[in-house]
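Counting starts at 1 for both ligands and their atoms, in listed order. Being a predicted model, the structure only gives us computed values, none of them experimental.
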Amino acid sequence: MEHGGFLEVILESKATVGGVGTVLALALMVAAWFLLPHSDRGKLRLIVTLFIGHVLAVVALGLIPPTATAHAVVSVLGLFILLIVITRTGFVVFADSGLLRRWVNPLPKIIRDIFQSLIYIAVLLITLRAAGVDPSSLLTTSALLTAVIGLSLQETLGNMFAGLAIQAQEPFRVGDWIQLDDSERLVGRVLEINWRSTKLFTNDETELIVPNGVISKSSIRNFTRPTESSRLSVRVQAPYDVPPARVREAILGAIRDLPEVSREPAPTVVTEDFADHGVAYWVRFFMNDFQQRHRIESLVRERIWYAFAREEISIPYPIRVSYAHDAAATRAEQEAKALATRRRALEHVGFLRALSPEALDELASMISCRLYGAGETVIKQGTAGEELYVIERGEVEVLHETGDPKKPLQELARLGPGGYFGEMTLLTGEPRSATVRASTEVELVVVEKSAFQRIIANAPGELEQISTSVAERQAELKANVDRTIPGIANMATDSHVLLKRIRRFFSVG
Ligand code: CMP
């Protein structure tokens, strides 16, 4: 063995405590302790254990006669452990202490793995050499061994080079959402790319480990790049007798104010097919949170369901068996029940108590019910409208739109069953003074202006009492909330002023 080289000095010192190698290992371990962040100090545990193994080997050497075979074996083993300790500690100091992180942040797992493997192979070869074995002769003397090693490494090397290609080309990075081939099962967020495989975290909250070789042969869809925006689709059918323009308007209106759906690019609806049970529509929209895609698709479907229910657009489905027995009687019963529900709802509205029971019966026969899903906007501040709503079931929140991007909505009130809203626009025609949003699924009884107008035409005398009652309620609402809010400040609490506005709006002299 030649003298002079650094490695030779270590090899010559073999496994002696106090030798250059041992001193170097100790120095590196101390440096690592101080340089590594606290969280990474656990990595030194294995190194310290190995170092203790090395010290034990040295102690054993003192006890075994130098001529015994065991002496040579322990000596080589001690050297092997020492070299591992030195190289591993050196690597940890280099890669984890922040020395390297200044340039590469963080060192990709695959590069770490390959670098460490090369170091360990080098240590093994050096140790073999020190033991008097020429590693190259091992390979060249046995063609069979070479063939076996070559074959068994074929796959591993394939994965490793595929991993390096992924690292170099960057079709995806750690943190990206990807899909391999067209398989729903192979969708996940990239957790790690190592020398053998790529780890994905799927929506089932499980880890999916895909060999890099498989990835290199698959088509890859990246949902995070070039932008985080990706398109989702929902398919729905509507009856043949509803015009496509009406269906499209209902769908777009239903999903327009969903915060999860991007405004730009705007959602679109394609009339896709004339299918067996109805016209098929393909709803396409963009969103930015791929992990939530199933929840967002579900929200969109639900919004469409509620919008269709309100617009009386039925979703066609195949009916195999139909029971015709006494259907008319059942329908009449249901209608009577619905009428009674609507009549009861009207009794909750304070200002309608001015009307006679007969007028209330008549009004109940002209109004309808509407269903809104949680989160849907029922009325929007500043818009025109013609309806009064009474809550039959569920809860809504009354919100003031502040125009301040930091706090765009301020809650004014929450209303439950029996509560009502929208009376100001119904009675005066002024724009909505607040936004009302369903906080749970809500069933609302809706009184349209046309129905109310017919009742008022027969009972113009009641308008005075109505305006007094509405003015009282306005005063109550005003007392309960911040009066500086513009909508609240404008609330008409003077019954004479209100009466004038109502008369003008309903053209009652
Ligand atoms: P309108 O202005 O037609 O539309 C918004 C509705 O919200 C309004 O009628 C009232 O019915 C209701 N509203 C406005 N302010 C409040 C409030 N402070 N508390 C409860 N309801 C309110």
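- Contacts between V398 and ligand 1 below 4.0 angstrom, taking non-hydrogen atoms only, involve the side chain exclusively.
- Between D181 and R221 there is no salt bridge, since no side-chain N of the basic residue sits under 4.0 Å from a carboxylate O of the acidic one.
- Close contacts of ligand 1 with L412, meaning ligand atoms under 4.0 Å from a residue heavy atom, involve 15 (N), 18 (N).
- More than 12 heavy atoms of other residues, nucleotides or ligands sit less than 6.0 Å from atom CD of E401.
- Between F115 and F91, the ring center distance clears the sub-6.0 Å criterion.
- Two residues are said to be in side-chain contact when any heavy atoms from C-beta on lie closer than 4.5 Å; F285 and T268 fail this criterion.
- Considering only non-hydrogen atoms, atom 14 (C) of ligand 1 lies nearest to S433 out of G385, S433, A479, P431.
- Contacts between I379 and ligand 1, counted as non-hydrogen atom pairs separated by less than 4.0 Å, involve the side chain only.
- Contact annotation for A413 and ligand 1: only side-chain heavy atoms (C-beta onward) come within less than 4.0 Å of the ligand.
- Taking a 6.0 Å sphere around CZ of R263, one finds it holds more than 12 heavy atoms contributed by other residues, nucleotides or ligands.
- Under a 4.0 angstrom heavy-atom cut-off, R473 registers as being in contact with ligand 1.
- Which of K380, E423, E387, M424 comes nearest to atom 10 (C) of ligand 1 through a heavy atom is settled by distance: it is E423.
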